[in-house]
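These notes are about the structure you will find just below.
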Amino acid sequence: MVQTGARVRFAPSPTGYLHIGGARTALYDWLLARKTGGQFILRIEDTDRNRYVPDAVDDIKASLRWLGLDWDEGPDVGGEVGPYFQSERLELYKRYAEELVAADKAYYCFCTPERLAALREEQEARKQPSGYDRYCRSLTPAEVEKLKADGTPYVIRFKTPLTGQTRAVDALRGEMVFDHATLDDFVLLKSDGFPTYHLACVIDDHLMKITHVIRGEEWIVSSPRHFLLYQAFGWEPPVFVHLPIFLSPDGKGKLSKRHGATGVREFREKGYLPEALINFLLLLGWHPAGDQELFTLEEAAEAFSLERINVSPVSFSLEKLDWFNGIYIRKLPPADLAARCLPFLQKDGLLPDPCPPEKMEYLIRLIPLVQERIKLLSEISAALSYFLQDEIAPPAKELLIVKKGTAEETAAILRAVTAALETVPDFSEAALEETLRAVTASLNEKPGRVFMPVRVAVTGTTTTPGLFEVLAALGKERVLQRLRQAITVLEQ
RNA sequence: GGUCCCAUCGUCUAGGGGUUAGGACACCGCCCUUUCACGGCGGCGGCAGGGGUUCAAAUCCCCUUGGGACUACCA
């Protein structure tokens, strides 16, 4: 497989937001281009105006950028072989389709959608293989002229050879043989003047000098059509690489929306880091020669190779993504992580928007306390809520009471702690630890029996970062206030 | 129904004639420890089945089974 200066394209259809499967395709495209010093091209295949979603293009571009997959040619950046929106290339497709008709390799078809539907229904009922019955293939030139002159809507269909076979080549799977008898005369140009995927994709890949077509496995069955088209035009086909499909984690069919997040934007909103998503996607269908697991985009581009892509379908299970996310969250410098968490905290009303510098500084100071405890950015609010609020709701009595102890016992412990903390000159972690351990000793208690009620009193929960860090970050005033609040609860 | 693709722990995978079948995630246990996490150590767990070929098969071939994709004037 020659891999010098590969020209690869990611060609999404703007019928929805960027799907996670599309993101992996784009990633492999990008990787191959970067690995070989070639170009990564973004082409928008907006040939289906029925399913067109207006803001899909913006979402696709934003998601790719968020992932760090920048394109060398395409929307916003231009390029020599544009336009990169297929809707702006209609004349081109029409010309090539007519050329095929003139060469007797395609023909006009005037069949109505109703006739086609009835045909399909009949074939299904009889358990026959479905496909166009080539009704219009035998129309005489005079009949065609008449129909056209009458303004009858028509499509242009490819004249698939009736016998013989076509060998479609996949770089991973090798040669796949398809009998022409099982292929029908597929549509090239629709009656609205737009091309079908088959036509547009072959023409554009050729004109844009694409060397490698990386796309989903669902295209395998269509690939003989594409080889047939390359042959009909007399063009050299590119290398085809069909990526294994993402299966739903429950083992029922391919990944779809009912299995949770499938759009890149949803992962972003859930608090996943692009670094983690990239690393996760990289290893879902590709494996390095060694056993390295953590990859930056740059490292991946260095290590990537088409040969090590897997062909078997992949279950899209999120467990490992969460692990990757935790890893990358822990790797981030506090200021960086704080900046990434800020939107989530603002959304939850824990920080104002815009966020004043002193609050941002406090956030950065808090980050190290929770950094190794969150797996998603969205968990930051729950992790920091008691730091970012002046007051917390009084904890439940049962939560405060020390294990195998009584309310009075617990209150006594908290009173002792409160008294000790009132006189601590500096509220540093070291001083706090020294003081609390001294109280524990004087009470003749075990550390846990003293620390836990204090923890609950000042945070309202039993799972928190280290107690001394929490107290220091909270500050004397809030600590004492919350301690007194808890004592009140226990006295009731 | 037809065409095509795929098959190693629950999941992602390494291995592609001779391996005690390796790793990671998840799960479980232990250690660390004031809780939770992080980290460390250990454990559980797999070549879908059947035939060949071969001195030798997870590995090559065939069949079965299972899973999946496609079967539009959608991509």
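Note on naming: letters A, B, ... go to the chains in the order of the sequence lines (proteins, then strands), and numbering restarts at 1 for each one.
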Pairing residues for Glu379(A) by the side chain to side chain contact (heavy atoms under 4.5 Å, CB included) criterion, not counting sequence neighbours:
Ile374(A), Lys375(A), Leu376(A)
Please confirm whether the shortest side-chain N or O distance from Lys403(A) to OP1 or OP2 of U35(B) is below 4.0 Å.
no
Atom pairs, N/O to N/O, protein against nucleotides 12-14 of chain B, distance under 3.5 Å?
residue, atom, partner, partner atom, Å
C12(B), OP1, Ser315(A), N, 2.6
C12(B), O2', Leu283(A), O, 3.0
U13(B), OP1, Gly285(A), N, 2.9
U13(B), O2', His287(A), NE2, 2.9
A14(B), OP1, Asn310(A), OD1, 3.2
A14(B), O3', Arg308(A), NH2, 3.4

Please figure out whether Ile374(A) or Asp291(A) has its closest RNA chain B nucleotide nearer the 5' end.
Asp291(A)
Thr435(A): side chain to side chain donor-acceptor pair (under 3.5 Å) partners, not counting sequence neighbours:
none
Could you measure between the two P atoms, the one in U20(B) and the one in A58(B), and give it in whole Å?
13 Å
Just to verify, what does Arg365(A) make a salt bridge (charged side-chain N to carboxylate O under 4.0 Å, His left out) with, not counting sequence neighbours?
none
For residues 309-318 of chain A, dump all side-chain donor-acceptor pairs below 3.5 Å to protein atoms at least two apart in sequence or in another chain.
none

With rounding to the closest Å, how many angstrom separate the C1' atoms on A21(B) and U33(B)?
38 Å
Which residues satisfy the ring-ring contact (aromatic ring centres under 6.0 Å, His included) test with Tyr108(A), sequence neighbours excluded?
Tyr154(A)
ring-ring contact (aromatic ring centres under 6.0 Å, His included) against Phe240(A), all qualifying residues, sequence neighbours excluded:
Phe227(A)
ring-ring contact (aromatic ring centres under 6.0 Å, His included) partners for Phe10(A), two or more places apart:
none
For a quick check of understanding: with a heavy-atom distance under 4.0 Å over all strands, which category does Arg449(A) fall into, base, sugar-phosphate or nothing?
nothing
Pairs satisfying ring-ring contact (aromatic ring centres under 6.0 Å, His included), at least one member in residues 428-473 of chain A, at least two apart
Phe451(A)-Phe468(A)
Do the side-chain N or O atoms of Thr47(A) get closer than 4.0 angstrom to the phosphate oxygens (OP1, OP2) of A75(B)?
yes
Is Pro465(A) touching bases, backbone alone, or none of the nucleic acid, heavy atoms closer than 4.0 Å?
base
Roughly how many Å apart are U71(B) and G49(B), using the P atom of each and rounding to a whole number?
34 Å
Could you please name the option among U3(B), A7(B), C70(B) that lies closest to any side-chain atom of Val311(A)?
A7(B)
Hits for ring-ring contact (aromatic ring centres under 6.0 Å, His included) against His287(A), two or more places apart or cross-chain, chain-then-number order -> none
Charged N-O contact under 4.0 Å between Glu275(A) and Arg340(A)
yes
Just the atom pairs and distances: protein N or O near nucleotides 39-41 of chain B's N or O, under 3.5 Å.
residue, atom, partner, partner atom, Å
G39(B), OP1, Arg330(A), NH1, 3.4

On a whole-Å scale, what distance lies between the C1' atoms belonging to C63(B) and C70(B)?
25 Å
Taking Glu98(A) first and then Lys94(A), would you say they form a salt bridge - that is, a charged N and a carboxylate O separated by under 4.0 Å?
yes
Nearest-Å distance once atom C1' is located in both C38(B) and C44(B):
23 Å
Span that lies between the C1' atom of G52(B) and that of A57(B), in whole angstrom
11 Å
Looking only at the side chain of Glu319(A) (C-beta and beyond, no hydrogens), which of the listed nucleotides U35(B), C25(B), U3(B) gets closest?
C25(B)
Between Glu122(A) and Arg120(A), is the closest basic N to carboxylate O distance under 4.0 Å?
no
Whichever of Gly466(A) and Leu321(A) has the more 5' nearest nucleotide on RNA chain B, that residue is Leu321(A)
Report, one pair per line, the protein and nucleotides 71-73 of chain B atoms (nitrogen or oxygen only) whose separation is under 3.5 Å.
residue, atom, partner, partner atom, Å
U71(B), O2', Ser130(A), OG, 2.5
C73(B), O2, Ser191(A), N, 2.7
C73(B), O2, Ser191(A), OG, 2.7
C73(B), N3, Ser191(A), OG, 3.1
C73(B), N4, Cys111(A), O, 3.1

In whole angstrom, give me the gap between the C1' atoms of G67(B) and A48(B).
11 Å
If the C1' atom of G22(B) is compared with that of U59(B), how far apart are they to the nearest Å?
15 Å
Interatomic distance, Gln165(A) CD vs C4(B) C1' [rounded to whole Å]
14 Å
